[in-house]
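Each chain gets a letter, A, B and so on, in the order the sequences are listed, and its residues count up from 1. Everything numeric in this text was worked out from a predicted model, so none of it was measured. Heavy atoms only: backbone and side chains are in, while hydrogens, waters and symmetry mates are out.
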Amino acid sequence: MNATTKTIARADVQLMPIVFAALAGAMLLLASGYAQASVLHDAAHDQRHAMAFPCH
Amino acid sequence: MSQKLLTSAVFAGLAAGLIAAALQFYFVIPTLLEGELFEGGTRVHFGADGSPQSERGVPGLGGEWGRHLMTVGFNIVTYVGFGFLMLAAMALTEMKGFTTITARQGIIWGLCGFIAIQLAPAIGLPPVLPGTIGAEVEARQAWWLGTLIASGLGLWMIAFVRGPLALVGVALLAAPQLIGAPRLDTYWGVAPPELAAQFVTYSLGAAAVGWTCLGFFCAYFWTREA
């Protein structure tokens, strides 16, 4: 019983940061590569072209 | 453990982003600025006399330091973002017992990241010089996102799934290319084809180095004994 609880707790601790890291990565990429808001688009323009993100 | 995941991604993204930015300013950005001369009409290829000939030569980087600083900044944001995703994939793969990550193995992860995120989408949607008109941006973004997810998952399956099921990975790599990227019915390019081709190869070359470095640094910081 005790061991099961511990295993689940350890799995939680490991999985949550991974999910958080994946979400953080997705948010950053949304801003740098995907968002069409014109201020963001203009600032990231050259980098988007260089990285071949679909731009405009 | 969780803090190490985050700091590794930030350090790796910072290092790879700066290396990629340096390569971009040597190779990619000058070509991009030369493309803008044709986009803006300062230079004309395919002139009114029907001649497909125009002056060659890159303009200097110019004095737009704010613009170039933004390019460096967004490179770092982009590579840190990809670093988070790569480390999430590495940590998940390790947690599920498929492999033990090493710094040398990180180089392979980086190369596969390049193939999935840069090369596979570029097969259908080549990096474009400014001034090139494409299909609806939403349709291209959807194909691009679908392609990099399918390609990344496909490569992961080929690397870590045992047995015939690994062949699903091959299908995932091929499917987006067989479906094909959204295209226009006409050509619109005003820049010389040589310049557009050079831009594509420079862009992919810089990304290949950036991604290889990202994979190595992610794995290096992640596995380093603190």
If a pair satisfies ring-ring contact (aromatic ring centres under 6.0 Å, His included) and one of its residues is in residues 184-210 of chain B, list it, with sequence neighbours excluded.
B:Phe27-B:Tyr202
Rounded to the nearest 0.5 Å, the CG atom of A:Asp46 sits from the NE2 atom of B:His68 at a distance of 7.0 Å
At a heavy-atom distance under 4.5 Å, which candidate from B:Ala9, B:Ala20, B:Pro130 has the highest pair count against chain A?
B:Pro130
More than 12 heavy atoms from other groups under 6.0 Å of CZ on B:Phe11:
no
Give the member of B:Val28, B:Ile117, B:Leu92 that has the highest number of heavy-atom pairs under 4.5 Å with chain A.
B:Leu92
Between B:Pro127 and A:His49 the two heavy atoms that sit nearest each other are CB-O, 4.3 Å
At a heavy-atom separation under 4.5 Å, does B:Leu87 approach chain A through its side chain, its backbone, both, or neither?
neither
Considering residues, nucleotides and ligands other than B:Phe160, do more than 12 of their heavy atoms fall under 6.0 Å from its CZ?
yes
B:Gln118, part contacting chain A, at a heavy-atom distance under 4.5 Å:
side chain
Assess whether atom CE of B:Met157 is packed by more than 12 heavy atoms of other residues, nucleotides or ligands within 6.0 Å.
yes
Over 12 non-hydrogen atoms of neighbours within 6.0 angstrom of CZ in B:Phe114
yes
Please table the atom pairs, donor to acceptor, closer than 3.5 Å between any side-chain atom in residues 76-86 of chain B and protein atoms at least two apart or in another chain.
from    : atom 1 : to      : atom 2 : distance (Å)
B:Thr78 : OG1    : A:Ser32 : OG     : 2.8
B:Thr78 : OG1    : A:Gln47 : OE1    : 2.7
B:Thr78 : OG1    : B:Phe74 : O      : 2.8

So CZ of A:Phe53 and CG of B:Leu125: to nearest 0.5 Å the spacing works out to 13.0 Å
Nearest-0.5 Å distance, CD1 of residue A:Ile18 to CD of residue B:Glu94
9.0 Å
Locate the shortest heavy-atom distance separating A:Gly33 from B:Gln141; write the atom from each residue and the value.
O-NE2, 4.3 Å
Please look at B:Ala206 and chain A and tell me whether the side chain, the backbone, both or neither of the residue comes under 4.5 angstrom of a heavy atom of that chain.
neither
Select one option (side chain, backbone, both, neither) describing which atoms of B:Ala142 are under 4.5 Å from chain A's heavy atoms.
backbone
Under 4.5 Å heavy-atom distance to chain A, tell me which part of B:Glu36 shows up: side chain, backbone, both or neither.
side chain
Any idea which heavy atoms bring B:Leu5 and A:Ala21 closest together, and the distance?
CD2-CB, 3.7 Å
Between OG1 on residue B:Thr71 and CZ on residue A:Arg48, distance to nearest 0.5 Å
11.5 Å
Given that the side chain runs from C-beta out, which part of B:Pro126 has a heavy atom under 4.5 Å from chain A: side chain, backbone, both or neither?
neither
Under 4.5 Å from any heavy atom of chain A - which part of B:Leu148
neither
Interatomic distance, B:Asn75 atom CG to A:Met51 atom CE [nearest 0.5 angstrom]
6.5 Å
